[in-house]
Protein chains: 2
Amino acid sequence: MNSYQHVPRHLLAIDCIIFGFDGEDLKGLFVKRKIEPQKDNWSLMGGFIAETESVDAAAERVLFELTGLTDVYMEQLHCYGELDRDTHSRVISIAYFALIQIASYKDEVLKEHNASWISLKELPELIFDHSQMVEDAKERLKQKVANHPIGFELLPDKFTLRQLQTLYEAIYEIPLDKRNFTRKIFSLDIIRNTGKKEKTTSRKGSFYFVFEEEKYKQLEKDGLKFI
Amino acid sequence: MNSYQHVPRHLLAIDCIIFGFDGEDLKGLFVKRKIEPQKDNWSLMGGFIAETESVDAAAERVLFELTGLTDVYMEQLHCYGELDRDTHSRVISIAYFALIQIASYKDEVLKEHNASWISLKELPELIFDHSQMVEDAKERLKQKVANHPIGFELLPDKFTLRQLQTLYEAIYEIPLDKRNFTRKIFSLDIIRNTGKKEKTTSRKGSFYFVFEEEKYKQLEKDGLKFI
DNA sequence: ACAAAAGTGTTGTCTGTACACCCATGC
DNA sequence: GCATGGGTGTACAGACAACACTTTTGT
């Protein structure tokens with residue numbers, strides 16, 4: 001007996017909000033859509049879910065197709081299922097967001113996909129409900145970062161305290177006090193001073209820090225209270 | 001041009017975690033499944049998404065079919081998309097959780113659907129990945145209740161401070177201090193003393209409280225910090 | 001010597017937490 | 001009059017927020 005007979009089937013898509021940080025602004029990776037409808041308009045990277053892959057695997061594939069990256073921090077955001085969200089036909093989309101290091105992203109791939117990093121402060125209109133997805137992802141990122149150390153996923157391996165603070169300010173969209181921020185981060189015991197200095201942005205130079213992997217994983221599991 | 005040709009289609013289901021509170025324990029509403037596979041095993045209430053309804057609407061329909069209730073607090077939890085999560089064939093499921101007042105639930109409907117309220121402390125094995133869904137929903141409820149006043153959705157219109165505290169203790173799964181709890185709730189300025197007393201559980205009797213709708217909506221929007 | 005960014009401490013306020021006794025009433 | 005659950009205040013500790021000056025060094 002097949003109790004699932006006569007059940008309607010649906011088109012199921014993935015859309016991917018890809019966050020990056022250039023040392024100043026929080027950015028998203030967007031593509032100029034290559035297919036109808038809405039060809040040539042700005043869009044999130046997306047794709048359809050295949051028959052033989054899990055939903056998570058589909059999201060990883062979509063991300064890989066655009067970035068060539070694997071082992072990236074990625075999280076399911078929400079399933080968007082309004083009837084008319086895609087103007088062409090009924091498509092239900094599951095949105096994921098990913099955090100990547102902009103530096104790890106290869107420029108040649110950008111052109112190949114008509115892709116660009118765009119500051120989230122000057123976001124153009126996106127197709128369908130993609131603007132809503134980005135808003136939701138920003139909000140979720142804020143929430144998450146307040147309780148998990150995932151912000152670090154956006155930084156290069158070595159980074160200065162100032163870069164770290166700027167990142168948090170970009171995510172929260174509020175300025176933070178330099179001294180209080182430094183104290184807070186040190187109290188988490190999650191970064192280590194390499195003793196080496198970055199000398200391009202100031203005369204004095206600022207120390208490069210790296211993550212303590214073990215402590216990081218611990219905090220990712222247990223949670224923390226950042227703000 | 002139809003750019004969505006040759007794209008695979010999927011079976012898409014809704015599963016619904018329905019929370020209730022009986023004054024003592026946090027409970028879930030579960031059904032004995034009527035169809036194969038896994039007929040007669042405990043399951044979440046579910047159903048397939050139709051062609052002509054949004055995903056949210058499908059969730060509301062599934063909840064209505066089991067409870068007869070509308071205008072219920074309901075929130076999308078997560079999309080579960082592992083290849084083999086349904087042992088019969090590939091089904092992707094979008095889980096929602098709902099908060100209802102047990103008292104508003106009609107007993108005749110329970111029998112009709114082979115449904116029972118089961119304490120989440122003594123949860124039986126559920127089919128497929130439904131146990132995981134319940135765990136995830138409990139976790140999400142904890143998170144949400146810490147920042148939004150939605151716990152009230154589970155209580156009857158009139159309730160005592162003790163009932164409210166017991167509810168929060170059941171959700172957080174930790175005991176709370178009576179005096180600190182009372183102070184905290186009052187500081188939110190969200191409940192009003194009706195002046196009437198409940199007299200069945202103690203000689204002295206305890207005051208019935210009701211919500212202040214306006215303040216409640218404000219807090220639901222703005223968020224709060226409860227724990 | 002000066003410009004430009006880095007780094008560093010203290011204090012007051014608020015929030016959270018621990019804790020114990022009296023009250024009102026039905027029996 | 002006593003047993004039962006209801007209601008209330010205080011004190012200590014830790015977290016957070018506000019705030020300004022000195023250091024380093026390339027030019």
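Lettering follows sequence order; numbering is per chain, from 1.
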State yes or no: are the ring centers of B:Y80 and B:F128 separated by less than 6.0 Å?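 Aromatic pair excluded; centres sit 6.0 Å or further apart.
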Taking the ring centre of each residue, are B:F211 and B:F159 less than 6.0 Å apart?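 Judged by ring-centre distance (under 6.0 Å), B:F211 and B:F159 do meet the cut-off.
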Expressed in angstrom and rounded to an integer, what is the separation of [X] atom [atom1] from [N] atom [atom2]?
| X | N | atom1 | atom2 | result |
| --- | --- | --- | --- | --- |
| B:E198 | D:dG5 | CD | P | 12 Å |
| A:R183 | D:dC19 | CZ | P | 14 Å |
| A:I227 | D:dC16 | CD1 | P | 10 Å |
| A:L164 | C:dG7 | CG | C1' | 15 Å |
| A:K225 | C:dC14 | NZ | P | 16 Å |
| A:L176 | D:dA18 | CG | P | 11 Å |
| A:F181 | C:dG7 | CZ | P | 12 Å |
| B:N180 | D:dG9 | CG | P | 13 Å |

Gap between atom CD1 of A:I185 and atom CZ of A:R183 - 0.5 Å precision: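 Separation between the atoms: 12.5 Å.
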Along nucleotides 20-27 of chain C, 5' to 3', which nucleotides get a B, which get an S, and which get a -, given that the test is a protein heavy-atom distance under 4.0 Å? B--BBBBS
B:S131 side chain reached by B:L123 side chain, heavy atoms, under 4.5 Å: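 In short, these two side chains do not touch, never coming nearer than 4.5 Å.
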Looking across every strand, which nucleic acid part, if any, lies under 4.0 Å from A:R162 by heavy atom: base, sugar-phosphate, or nothing?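 Sugar-phosphate contact only - A:R162 comes under 4.0 Å of backbone atoms but never of a base.
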Determine whether the side chains of B:Q132 and B:D136 contain a donor N or O and an acceptor N or O closer than 3.5 Å.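 Yes - a donor-acceptor pair under 3.5 Å links their side chains.
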Looking at A:K142 and A:E173, is there a salt bridge between them, counting it only when a charged N and a carboxylate O are closer than 4.0 Å?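 Yes.
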